[in-house]
Amino acid sequence: MDRIRIRGGKTLKGEIRISGAKNAALPLMCTALLTDKEIRFDRVPDLADITTMTNLLAQHGVEVTTKLSGKERSVTLCGSNITDTTAPYDLVRKMRASVLVLGPLVARHGQARVSLPGGCAIGTRPVDLHIKGLQQLGAEIDLQEGYIVARAPKGLTGAEVTFPKVSVGATENLLMAAALAKGETHLINAAREPEITDLAKCLIGMGAKIEGLGTDHLKIQGVDSLHGVNHPVVADRIEAGTYAMAVAITNGDVELIGAQHDLIGSVTSVMSQAGVEFSETPRGLRVKRTNGDLVGVDVMTEPFPGFPTDLQAQVMALMTTAQGASMITETIFENRFMHVPELTRMGASINVHGASAMVRGVKRLTGAPVMATDLRASVSLVLAGLVAEGDTILNRVYHLDRGYERLTHKLSACGAEIERLSDGAAE
Ligand code: UD1
């Protein structure tokens with residue numbers, strides 16, 4: 001299995017191009033199940049999760065073609081001949097977002113059989129909100145042998161769905177399903193993440209009638225059919241936030257090309273308090289450390305527009321070498337502190353009390369062999385490795401391949417000493 005070696009201590013300088021968002025591209029690709037016309041997405045990142053979604057859609061009968069022009073990938077999908085409405089366990093267990101085929105399949109094809117995703121490294125992560133919401137739109141749903149079996153032979157019907165808890169995935173599933181339901185649907189207490197707004201814009205481009213974009217109340221007037229579209233994937237705010245922290249931790253100065261400041265306001269606000277400077281440029285966002293040490297700040301994860309849980313591990317890495325203490329509270333997922341023991345092995349001082357972690361800044365981190373059990377935890381160890389004394393070897397690199405396009409390349413182009421060691425390469 002590949003590993004990554006980082007020799008810490010280099011300052012990042014230059015520019016990094018931000019990719020299209022993985023978490024936007026995944027639901028967008030599922031819209032291919034809603035129409036028999038061709039749709040094309042530009043700026044699709046080259047990631048393992050996108051390959052998994054491609055394989056899943058292909059297994060349903062969607063034709064998928066990928067084209068590379070320069071560094072940008074576009075993906076064309078055509079769901080005119082859906083041959084299979086089952087999402088098998090082997091694909092769903094690899095990636096939870098596979099459950100996003102459920103709403104579109106049952107809305108357009110009247111049936112779906114989707115494996116339950118099961119537990120994952122960052123908690124139990126149920127899909128009850130997806131199921132209850134679709135039932136409210138008239139789908140009959142049974143759980144059989146680990147599968148969600150959904151039927152709506154006469155199609156779905158609009159309804160008022162109030163989510164008891166904010167869920168990104170459930171909002172996306174219901175939004176796609178409601179686009180083809182008869183009559184009006186209200187999604188109340190909907191998630192407001194920019195990836196949902198991107199999905200809504202794409203659906204509108206396909207002929208859907210949706211109001212309330214960017215708010216927690218989406219109103220959808222169902223239509224009989226949707227048509228093709230050409231849609232660019234929104235920039236990856238989590239990737240942008242991650243690189244902003246890489247710049248900050250190394251005392252660097254980098255322009256993040258394509259980063260959208262309005263999508264990471266909660267992140268820049270926390271980082272500014274810690275001593276990082278941001279300025280908008282015609283091409284994106286410039287990040288640089290202002291003079292002096294970073295100072296510890298308290299952070300609490302929340303649904304958008306709050307601080308994203310997908311940047312919690314990275315901000316914790318940033319705080320390990322800040323002056324003073326920082327209290328980091330995780331409110332979205334249970335059990336999302338798996339990076340803590342690994343950061344501690346690198347010399348960080350962190351104590352976890354329930355959903356909060358108290359980080360006391362230390363003068364230096366030291367390189368170590370580390371591994372992580374999820375995507376964001378892995379990248380937090382890369383950040384720590386960039387500033388640690390000596391070598392850090394990160395194992396289980398496949399987690400990073402799920403969500404960070406050309407990570408070693410992007411960082412080394414800015415001066416980081418980082419390389420991928422292929423299986424069998426000498427350490
Ligand atoms: C999405 C993102 C993920 C991010 C998360 C929160 C994608 C592909 N993934 O995941 O990177 O960390 O949003 O911003 O976009 N919940 C339930 N029942 C449900 C669904 C969710 O109880 O039916 C709970 C979850 O366990 C969690 C919370 O709701 O505690 C939020 O989860 P949700 O917003 O649904 O996350 P995902 O859509 O899975």
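Residue numbers start at 1 and run along the sequence shown. Since the structure is predicted, the reported quantities are computational estimates derived from the model, not experimental observations.
- Side-chain N or O atoms of T76 include none that pairs as donor or acceptor with a backbone N or O of R40 at under 3.5 Å.
- Inter-residue side-chain proximity for Y404 and V379 is flagged as met; some heavy-atom pair is nearer than 4.5 Å.
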Subject >> Residue pair Y243, C414: steps toward the side chain to side chain contact (heavy atoms under 4.5 Å, CB included) verdict >> reply: CA-CA 11 Å; Y243 287 127; C414 288; over 6 Å; no
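- E184 contributes no side-chain N or O that, together with a main-chain N or O of Q221, makes up a donor-acceptor pair within less than 3.5 Å.
- Side-chain N or O atoms of N173 include one that pairs as donor or acceptor with a backbone N or O of G103 at under 3.5 Å.
- Checking Q314 against T242 by side-chain atom types alone, a donor-acceptor pair falls below 3.5 Å.
- Not a single donor-acceptor pair under 3.5 Å links the side chain of D253 to the backbone N or O of K288.
- Comment: R336 engages D310 in a salt bridge, judged by a side-chain N to carboxylate O separation of less than 4.0 angstrom.
- Within a 6.0 Å sphere centred on NZ of K13, other residues, nucleotides and ligands contribute more than 12 heavy atoms.
- With 3.5 Å as the limit, one finds a donor-acceptor pair spanning the side chains of S356 and T329.
- Within a 6.0 Å sphere centred on OH of Y89, other residues, nucleotides and ligands contribute 12 heavy atoms or fewer.
- Judged by distance alone, the side chain of T320 and the main-chain N or O of A317 form a donor-acceptor pair under 3.5 Å.
- The number of heavy-atom neighbours closer than 6.0 Å to NE2 of H227, taken from other residues, nucleotides and ligands shown, is above 12.
- The environment of CG in D142 is crowded: more than 12 heavy-atom neighbours from other residues, nucleotides or ligands sit within 6.0 Å.
- By the 4.5 Å heavy-atom criterion applied to side chains, M316 and S380 are not counted as neighbours.
- Relative ring orientation between F278 and H261 is described as tilted, the plane-to-plane angle lying within the 30° to 60° band.
- At most 12 heavy atoms of other shown residues, nucleotides or ligands fall within 6.0 angstrom of atom CZ in R17.
- K22 pairs with exactly one of D49, D401, D236 by the salt bridge (Lys or Arg N to Asp or Glu O under 4.0 Å) rule, that one being D49.
- No donor-acceptor pair under 3.5 Å is formed between the side chain of T408 and the backbone N or O of E419.
- Two residues are said to be in side-chain contact when any heavy atoms from C-beta on lie closer than 4.5 Å; D391 and I6 fail this criterion.
- For D216 and R192, the salt-bridge test fails: no basic side-chain N is under 4.0 Å from an acidic carboxylate O.
- No side-chain heavy atom of C78 sits under 4.5 Å from any side-chain heavy atom of V64.
- No side-chain donor-acceptor contact under 3.5 Å links E211 and H217.
- Checking side-chain atoms of R289 against main-chain N and O of A248 turns up a donor-acceptor pair under 3.5 Å.
- Residues V127 and P117 have side chains in contact (heavy-atom distance under 4.5 Å, counting atoms from C-beta outward).
- Of the possible polar contacts, one joining the E330 side chain to the F333 backbone as a donor-acceptor pair under 3.5 Å is found.
- A donor and an acceptor atom, one from each side chain of S19 and K410, are located under 3.5 Å apart.
- Contact check for L386 versus K10: no side-chain heavy atoms found under the 4.5 Å cut-off.
- Enclosure of atom CD in E145 is not indicated, since only 12 or fewer non-hydrogen atoms of other residues, nucleotides or ligands lie within 6.0 angstrom.
- Two residues are said to be in side-chain contact when any heavy atoms from C-beta on lie closer than 4.5 Å; I39 and M206 meet this criterion.
- Within the 3.5 Å criterion, the main-chain N or O of E72 finds no donor-acceptor partner in the side chain of R43.
- Panel note: side chain D2, backbone V397; no donor-acceptor pair is recorded below 3.5 Å.
- Counting heavy atoms from C-beta outward, P88 and Q59 have side chains that approach closer than 4.5 Å.
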